[in-house]
Amino acid sequence: MRKAFTTAAASAALIMLLASCGGTSGRMHKIADTVDLDLIPSLQPNGRTQAYVNTLGEPKLEYSGDGEFGQAGDLRLNLFHNGMAAINTRGSKESRFIDSEGNVVIDCSGIAPGHIAYGGFSEGIAFIRDGCDRFTAIDTKGNILFEIEGEIQSPMLGGFALYSDRYGRKLGAFNSKGEIVLEAGTDDEYIPSGFTRNPAHLSQVPIYGKEGFMYVLDLADGKHYLEGVEAADQPWLSLDWNNCAVCRTDGRYGLMSAEGEWLIEPQFSYMANDGDWYVITQDNMIGWCDKNGKMMIEPEFEASGHAAWGVSKTRFGLDKWAWIGKDGVFIDREGKVVLECEHYAETNFIGDRCLVTVGGNSSMMHAWMGRDGQLIGEPFLNDERSTYIIRDMSRELIPPYPQYEMP
């Protein structure tokens with residue numbers, strides 16, 4: 001079923017939601033606001049064409065055969081951020097940024113060899129990586145800002161990015177001027193690889209040493225948090241939107257203050273931050289509590305076994321509704337079912353639309369769906385990596401960037 005849906009309507013819905021949420025939710029929305037979801041990458045049915053499709057599922061920018069950027073099958077299309085999208089060409093060291101009309105606005109091949117890392121610009125800086133040995137930082141005009149030897153390990157977030165020495169697992173950090181603030185590869189104090197940057201506090205990172213976890217460091221002001229806390233059961237400790245930390249001990253989860261004192265004694269089989277609230281499980285049933293342990297939604301929804309929507313992925317995130325994958329429904333913040341879905345939701349609602357799978361859970365066809373449960377446009381063949389990013393952006397509020405690509 002086709003239904004009119006405009007960019008203006010999407011923006012108005014998002015603004016209304018922002019105004020109604022305020023506080024933590026308002027801060028959370030800033031992460032998603034830079035991503036333009038009116039054009040997203042898609043495969044095309046012939047298997048030899050890639051395209052950006054609009055909200056109605058219609059291809060607007062198509063790449064097929066041997067085009068100006070190389071073979072269509074070798075292109076990696078990234079999401080649009082602040083009006084630009086990065087396109088890398090696998091098997092080469094070519095990359096470029098395009099605008100929403102498909103025009104090349106920055107040809108990175110003439111600046112530095114390599115691929116654009118993490119989908120493009122973050123805080124006005126993008127990184128072009130040439131293997132594991134060197135990367136180049138550029139601004140939105142294509143000017144070189146600085147070069148650093150080593151391997152880039154994160155986008156610029158909160159004024160800092162992470163790097164390592166060649167194939168290193170002990171990371172360091174540098175600022176937006178290219179100044180090293182924590183040397184990579186040292187044993188005494190290092191940032192471990194494999195963790196996701198903290199969207200609630202972009203400049204905070206966990207610091208490890210020879211004996212394991214030491215503290216959470218704010219790279220911006222040098223302050224230490226959670227110093228001396230045992231982290232063997234929960235290796236990536238971080239402060240959440242409430243300046244608390246979910247911790248696990250003896251297989252049970254609880255909540256700790258930034259000073260290392262228990263606010264909620266370990267008692268849940270699962271617990272994770274969800275903005276102002278925390279999603280928890282008791283006896284395999286999902287519920288939500290606040291930072292004082294008060295149940296906001298009693299544990300009464302069965303946890304899904306589906307990899308994409310198990311309890312570890314169930315969140316309200318950006319929205320007033322949360323998807324319960326086991327039941328195929330959206331609930332509101334009172335725990336009431338507000339929408340029973342014919343289609344399987346791949347993301348939470350962002351504004352007044354969400355991505356759904358059309359044709360069964362194993363289908364590769366996606367479409368946008370409105371809050372009335374009706375499809376907004378025609379189904380299109382999904383690009384799984386982009387879907388993954390939008391999914392996590394909508395529910396867990398990770399910074400919306402993919403991993404960098406190997407040449």
Side-chain angles (χ1 to χ4, degrees), residues 34-122 125-132 135-138 140 142 151-152 155 346-347 355 364-368 377-393 399-407:
T34 63
V35 184
D36 181 3
L37 298 180
D38 289 342
L39 288 176
I40 62 174
S42 169
L43 306 175
Q44 295 298 288
N46 61 20
R48 297 184 299 275
T49 302
Q50 298 193 66
Y52 283 95
V53 298
N54 64 14
T55 54
L56 297 178
E58 302 166 338
K60 290 300 181 183
L61 302 175
E62 291 190 82
Y63 302 93
S64 60
D66 188 5
E68 60 176 319
F69 304 149
Q71 285 291 336
D74 292 331
L75 301 184
R76 172 56 192 153
L77 309 184
N78 288 277
L79 291 166
F80 276 88
H81 294 248
N82 294 313
M84 288 191 287
I87 298 181
N88 291 322
T89 303
R90 289 187 290 267
S92 75
K93 293 187 176 182
E94 296 182 1
S95 57
R96 74 285 302 159
F97 285 93
I98 64 168
D99 62 20
S100 60
E101 300 297 322
N103 302 310
V104 175
V105 290
I106 302 176
D107 185 351
C108 299
S109 307
I111 301 171
H115 282 177
I116 300 162
Y118 299 100
F121 285 97
S122 176
I125 296 176
F127 297 110
I128 306 171
R129 61 178 299 273
D130 186 6
C132 302
F135 55 92
T136 302
I138 64 172
T140 55
E151 186 172 7
I152 187 66
E346 289 290 344
T347 72
L355 271 180
M364 296 289 287
M365 300 301 291
H366 285 180
W368 289 105
E378 300 298 328
F380 54 87
L381 192 59
N382 79 310
D383 175 279
E384 179 55 31
R385 294 210 337 170
S386 295
T387 300
Y388 177 88
I389 297 165
I390 300 169
R391 184 189 299 150
D392 277 4
M393 184 183 72
Y401 303 93
Q403 292 294 315
Y404 59 65
E405 298 173 65
M406 296 301 290

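Predicted model, so just to flag it, every value in this text is computed and none were measured.
Put simply, OG1 on Thr89 and CD on Gln71 are 10.5 Å apart, with the number rounded to the nearest 0.5 Å. Between the CD atom of Glu384 and the CD1 atom of Ile389 there is a distance of 10.0 Å, given to the nearest 0.5 Å. Leu39 CG to Asp99 CG: the interatomic distance, rounded to the nearest 0.5 Å, is 10.5 Å. In this structure, CG on Leu61 lies 12.0 Å from OG on Ser42, to the nearest 0.5 angstrom. Taking CZ from Arg391 and OG from Ser386, the interatomic distance works out to 11.5 Å, rounded to the nearest 0.5 Å.
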One pair to check against side chain to side chain contact (heavy atoms under 4.5 Å, CB included): Arg76 and Arg385. What are the steps and the verdict? CA-CA 10 Å; Arg76 172 56 192 153; Arg385 294 210 337 170; 3.0 Å; yes
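Judged by distance alone, with hydrogens and angles left aside, the side-chain atoms of Glu346 form no donor-acceptor pair with the main-chain N or O of His366 at under 3.5 Å. Here the side chain of Thr347 pairs no donor or acceptor atom with the backbone of Thr387 at under 3.5 angstrom. Within the 3.5 Å criterion, the main-chain N or O of Asn78 finds a donor-acceptor partner in the side chain of Tyr52. A donor-acceptor pair is defined here as one N or O able to donate and one able to accept, closer than 3.5 Å; no such pair exists between the side chain of Gln50 and the backbone of Tyr63.
No side-chain heavy atom of Asn82 sits under 4.5 Å from any side-chain heavy atom of Thr140. When side chains are defined from C-beta on, Phe69 does not count as touching Asp74, because their heavy atoms never get closer than 4.5 Å.
Between Asp383 and Pro41, the shortest heavy-atom contact is CB-O, 3.4 Å.
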